[in-house]
Amino acid sequence: QVQLVESGGGLVQAGDSLRLSCAASEHTFSTYSMGWFRQAPGKEREFVAAISWSGTNTAVAVSVKDRFIIQRANGKNTVYLQMNSLKPEDTAVYYCGLDRANRVGPRGYDYWGQGTQVTVSS
């Protein structure tokens, strides 16, 4: 059974940086992609970024493309979301997802973490 645990969220000021981490409890699958989503109160869950098992293929939402970077630890079941130049509109609960089919995009995720809160004050 796969469990995903996000960490690194917190309260920061606009312009600050933050790095989120997502760790899978075990290597249940040989190859899988992982992605980040976020959801603000009253809004639908929004795709942020995804990365393939190899780490060579990534997708990042246009809204954060110039500020966020998704990375995968080589040889580890952990992905990072480096968030720079944070804005108040980035405030949301950030969720990590795992796709057994190793796709890179906003759909097809099989497992989800519990989420980590990111709050950006102005």
Side-chain angles (χ1 to χ4, degrees):
Q1 182 64 45
V2 174
Q3 290 185 327
L4 302 175
V5 180
E6 303 97 335
S7 63
L11 174 62
V12 298
Q13 293 185 335
D16 286 351
S17 296
L18 205 59
R19 189 180 76 166
L20 305 183
S21 298
C22 176
S25 61
E26 60 180 356
H27 287 280
T28 304
F29 312 107
S30 297
T31 59
Y32 52 86
S33 62
M34 297 177 73
W36 287 97
F37 292 73
R38 65 186 183 184
Q39 187 168 25
K43 295 186 177 180
E44 294 184 339
R45 186 170 296 187
E46 174 190 18
F47 172 75
V48 177
I51 188 167
S52 66
W53 179 80
S54 68
T56 59
N57 299 111
T58 62
V60 184
V62 173
S63 60
V64 302
K65 191 173 184 178
D66 295 331
R67 300 183 295 117
F68 291 9
I69 302 171
I70 187 168
Q71 299 173 309
R72 191 159 196 160
N74 193 14
K76 296 182 180 297
N77 58 342
T78 303
V79 294
Y80 306 102
L81 184 66
Q82 178 65 46
M83 305 185 294
N84 300 314
S85 301
L86 284 163
K87 304 175 181 179
E89 51 262 45
D90 294 319
T91 296
V93 177
Y94 284 70
Y95 297 92
C96 176
L98 185 153
D99 177 15
R100 296 172 63 186
N102 198 30
R103 290 167 290 196
V104 180
R107 298 177 179 85
Y109 292 86
D110 302 292
Y111 300 94
W112 297 93
Q114 295 298 306
T116 184
Q117 177 71 48
V118 173
T119 303
V120 184
S121 63
S122 60

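In this chain, residues are counted from 1 in sequence order.
Applying the salt bridge (Lys or Arg N to Asp or Glu O under 4.0 Å) test to Arg67 and every residue at least two apart in sequence or in another chain returns Asp90. Residues forming a side-chain contact (heavy atoms from CB on, under 4.5 Å) with Glu44 (at least two apart in sequence, or on another chain): none. The side-chain hydrogen bond (donor to acceptor under 3.5 Å, both in side chains) test applied to Arg45 returns no partner, not counting sequence neighbours. Residues that satisfy the side-chain contact (heavy atoms from CB on, under 4.5 Å) test with Ser63, not counting sequence neighbours, are Arg38, Glu46, Ala61. For Thr91, the side-chain hydrogen bond (donor to acceptor under 3.5 Å, both in side chains) criterion is met by no residue, not counting sequence neighbours. Every side-chain hydrogen bond (donor to acceptor under 3.5 Å, both in side chains) that Gln117 has, sequence neighbours left out, goes to Thr119. In this view, Ser17 and Gln82, Asn84 satisfy the side-chain contact (heavy atoms from CB on, under 4.5 Å) rule, not counting sequence neighbours. Checked against side-chain hydrogen bond (donor to acceptor under 3.5 Å, both in side chains), Gln71 has no partners two or more places apart in sequence or in another chain. For the side-chain contact (heavy atoms from CB on, under 4.5 Å) test, residues two or more places apart in sequence or in another chain that qualify with Ala23 are Thr78.
Checking side-chain atoms of Thr116 against main-chain N and O of Glu6 turns up no donor-acceptor pair under 3.5 Å. Side-chain atoms of Asn57 never come within 3.5 Å of backbone atoms of Ser52 as a donor-acceptor pair (strictly under, hydrogens ignored).
Chaining together hydrophobic side chains whose heavy atoms lie under 4.5 Å apart places Phe47 alongside Phe37, Val93, Tyr95, Tyr109, Trp112.
Residue pairs meeting the salt bridge (Lys or Arg N to Asp or Glu O under 4.0 Å) criterion with at least one member in residues 101-118, sequence neighbours excluded: Asp99-Arg103. Sequence neighbours left out, the pairs with a member in residues 77-108 that pass disulfide bond (SG atoms under 2.5 Å apart) are Cys22-Cys96.
Contact record, Pro88 with Ala14: CD-CB, 4.2 Å, taken as the closest heavy-atom pair. In terms of heavy-atom proximity, Lys65 sits nearest to Val60 at CA-CG1, 3.6 Å. Pairing each heavy atom of Ala50 with each of Gly105, the nearest pair is CB-N, 3.9 Å. Considering all non-hydrogen atoms of both residues, Ser25 and Val2 come closest at OG-C, 4.2 Å.
Surrounding CD of Gln114 are at most 12 heavy atoms belonging to other residues, nucleotides or ligands under 6.0 Å away.
Between Leu18 and Phe68, the closest side-chain pair of non-hydrogen atoms is not below 4.5 Å.
The OG atom of Ser33 sits 7.0 Å away from atom CG of Leu98, with the distance rounded to the nearest 0.5 Å. We find the OH-CG distance between Tyr94 and Leu81 to be 7.5 Å, quoted to the nearest 0.5 Å. How far CD1 of Ile69 is from CE of Met83: 12.0 Å, rounded to the nearest 0.5 Å.
Val104 and Tyr111 fall into different hydrophobic clusters, defined by Ile, Leu, Val, Met, Phe, Trp and Tyr side-chain heavy atoms under 4.5 Å apart, directly or through other members.
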